[in-house]
Amino acid sequence: MHDENEREALYAIMYAAASRGKGKKGELPKVEDLYPRPGTEERKQQEMRDMIEEKKRTEDWLKSLDLSKLTQNK
């Protein structure tokens, strides 16, 4: 996702340079100016939230299984 957003930011820079040349200050913006990638700490926190959410979904799915049917057939 971030690579795609960075690519779009780079396209925006190229289109701007092609249509009007350099910016007001005489220099082109950088990709980081248009799309700042989330920092490492933010990424770790998001990954942790995603793992917790996935764990909850898995636990809910496991609770929905009826294991009594397995023991009745024996």
For this session: Could you give me the CA-CA distance, side-chain angles and deciding distance for Arg7 and Glu4, then say whether side-chain contact (heavy atoms from CB on, under 4.5 Å) is met?
Result: CA-CA 5 Å; Arg7 187 177 327 116; Glu4 191 173 316; 4.0 Å; yes

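- Side-chain polar atoms of Arg43 and Gln46 form no donor-acceptor pair below 3.5 angstrom.
- Electrostatic pairing of Glu54 and Arg57 counts as a salt bridge here, judged by a charged N lying under 4.0 Å from a carboxylate O.
- A salt bridge links Lys55 with Glu59; the closest basic N to acidic carboxylate O contact falls under 4.0 Å.
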